[in-house]
Amino acid sequence: MSAVDGRGSLTRSIVLLTSAVAAVAVLLTGLFAWRTIRTNAEAQERDQLSRQAEVLARTPPLASWMLDRQQRIAGPDDIRLAIVRPSGETDGPAAVAVGAASREALLSGDRVSTTARLDGEEVLVEGAPTLTGGGLVLTQPMSAVDQATDRMRGSLVLPLILGLTGAALAGALLARRLARPLVSAARTAHRLSEGARGVTVPAEGPAEVAELAGALNTLDTALTHSENRQRDFLLSVSHEIRTPLTTARGYAEALADEVITGEEVPEAGRILRTEMERLEHFVGDLLALARLEADDFRLDIVEVDLDALVAETATAWSARCARHEVDFRVERPERPVPITTDGFRVRQLLDGLAENALRVTPAGRPVVLALRADGPGALLEVRDGGPGLTDDDIEVAFVRGALTDRYRGVRPVGSGLGLAIAHRLAGRLGGTITARGGAPEGGAWFTVRLPPHPGAP
């Protein structure tokens, strides 16, 4: 059983929730209606009794006939009548229910609506003044109100049951509407986790569910793009590793088979060493990039004089550029430029940019390393006289392997990791790195801005 099964389905939960809410609403409505039904029933009975009293009060012959009839055959549950004479005398079967207050009100020309007891039973009392100056009173047993109440309460049960059933059905429909896209989204997520790509979720249902579907569709696109990049990167890595391994294997087999002998052996050894160094450098770049992307990457933060660090870097690269007949230049203030940073990582960053510049710069063209103060921070530049960067190149300059794949076989390329490492180093140091073309020397122009300390904006 899955975790979802153990927790219960969304459909069942929504149905139960809506049914519970509906049940509470029905219960509260029923309790309120139950209490008000009796009041309404009594009001209706009083209104009807009052209208009858009004009619009889305006038709004395009918009242006299009804009085005579009740005196002869009135039953215990009938409406009973009493007549208040202008003299104050009260006649009729309901005379006992007419109290002094009611009698005075009728003689004064006012209507009467009250409750009294008649033959040991509570009755409704309604009276109206007559045209002759007296009054007419009708009484009705309270049991009539009880009967009307029971009828009205009985008619209330069916609507309440129908309301509860309708709420349950509405909850089921709502749950289905919500659960269908969620189930579809969950299935798509499982397929994505199993490696399926190019699957989409229809953006249907409420806004939040549609947003979830859109997020999964975006995730699918991002995963496809990321995996394609990883695939291309692995192909690039395999190509970079295969080339020196193939060369080294060829020379090793030639030496083992004694195809290369005598004076050719030292040259073969130098080629083997060069290919191994190339392979070692590539593997080192891979490890450096992996460390930079790890969460536990360490920085040794101390105060560093960037002017002295640039001078030291220039000494190393001027000799290396000279061997390639590249004109190396350095621009620095020749005064201390102190910032708080990791000097080893800054040197690693500059070496990577300088190596990238030297690779693409032809003999006779310059490579420039520059340092300037930038407020409390510092600005480092590496410019070259190579072929430069197009706008499309700038957009992917720091994507690992992008420029290497684009220019392999066109111009000298490296492992495809150097600029990616430089970008991650700059970020780890709290700075930024930007690339552009149109350097004064005619080639690429890389600018690194370092803050006065890694936590500064």
Side-chain angles (χ1 to χ4, degrees), residues 218 221-237 239-240 282 285-286 288-289 292-293 317 321 324 326-331 346 348-372 374-375 377-451 457:
T218 302
T221 302
L223 287 173
T224 302
H225 179 67
S226 175
E227 290 176 355
N228 288 338
R229 284 180 53 192
Q230 290 180 4
R231 190 179 300 108
D232 293 341
F233 177 68
L234 289 175
L235 290 174
S236 175
V237 168
H239 175 82
E240 293 294 334
F282 182 72
D285 283 348
L286 286 175
L289 187 61
L292 283 169
E293 292 180 348
W317 282 96
C321 288
H324 293 81
V326 170
D327 180 19
F328 182 81
R329 305 171 190 171
V330 62
E331 300 173 0
V346 174
Q348 183 182 1
L349 173 57
L350 292 176
D351 286 343
L353 293 176
E355 183 175 2
N356 180 74
L358 178 59
R359 183 184 304 112
V360 298
T361 302
R365 301 293 297 164
V367 169
V368 179
L369 173 60
L371 167 67
R372 295 198 304 274
D374 183 36
L379 187 147
L380 296 163
E381 293 179 351
V382 175
R383 309 191 300 266
D384 63 64
L389 298 172
T390 66
D391 291 340
D392 291 339
D393 294 339
I394 293 172
E395 290 183 2
V396 297
F398 301 110
V399 177
R400 55 189 181 189
L403 295 182
T404 296
D405 295 340
R406 180 173 296 181
Y407 290 108
R408 182 178 283 115
V410 178
R411 65 191 191 201
V413 295
S415 64
L417 302 178
L419 292 180
I421 292 174
H423 183 266
R424 288 295 293 153
L425 275 172
R428 287 290 192 174
L429 294 170
T432 61
I433 181 172
T434 57
R436 52 178 165 162
E441 293 73 23
W445 189 347
F446 291 92
T447 302
V448 179
R449 294 183 183 275
L450 293 177

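The figures that follow rest on heavy atoms only: side chains count, while hydrogens, waters and symmetry mates do not. Quantities reported herein were computed from a predicted structural model and do not represent experimental measurements.
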- Message: Would Leu349 and Phe446 count as a side-chain contact (heavy atoms from CB on, under 4.5 Å) here? Give the steps.
- Response: CA-CA 11 Å; Leu349 173 57; Phe446 291 92; over 6 Å; no
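What you find for Gly386 and Pro362 is that their closest heavy atoms are CA-CD, 4.1 Å.
Looking at Val448 and Leu353, their side chains come closer than 4.5 Å, going by heavy atoms from C-beta outward. Between Tyr407 and Val360, the closest side-chain pair of non-hydrogen atoms is not below 4.5 Å. Within the 4.5 Å cutoff, no side-chain heavy atoms of Asn356 are placed close to those of Val382. Between Trp317 and Leu369 the shortest side-chain heavy-atom distance does not fall below 4.5 Å.
Under the salt bridge (Lys or Arg N to Asp or Glu O under 4.0 Å) criterion, Arg436 pairs with no residue at all, not counting sequence neighbours. Checked against side chain to side chain contact (heavy atoms under 4.5 Å, CB included), Asp391 has the following partners two or more places apart in sequence or in another chain: Ile394. Judged as a side chain to side chain donor-acceptor pair (under 3.5 Å), and not counting sequence neighbours, Thr218 has no contacts. Legend: residues meeting salt bridge (Lys or Arg N to Asp or Glu O under 4.0 Å) with Arg329, ordered by chain and number and at least two apart, are Asp327. Considering only residues two or more places apart in sequence or on other chains, Glu395 meets the salt bridge (Lys or Arg N to Asp or Glu O under 4.0 Å) condition with none of them. Residues meeting the side chain to side chain donor-acceptor pair (under 3.5 Å) test with Arg449, sequence neighbours left out: Asp374.
For the pair Asp351 (side chain) and Gln348 (backbone), a donor-acceptor distance under 3.5 Å is absent. In this structure, Arg365 contributes its side chain and Glu441 its backbone to a donor-acceptor pair below 3.5 Å.
Note: Leu419 CG to Glu355 CD = 10.5 Å, rounded to the nearest 0.5 Å.
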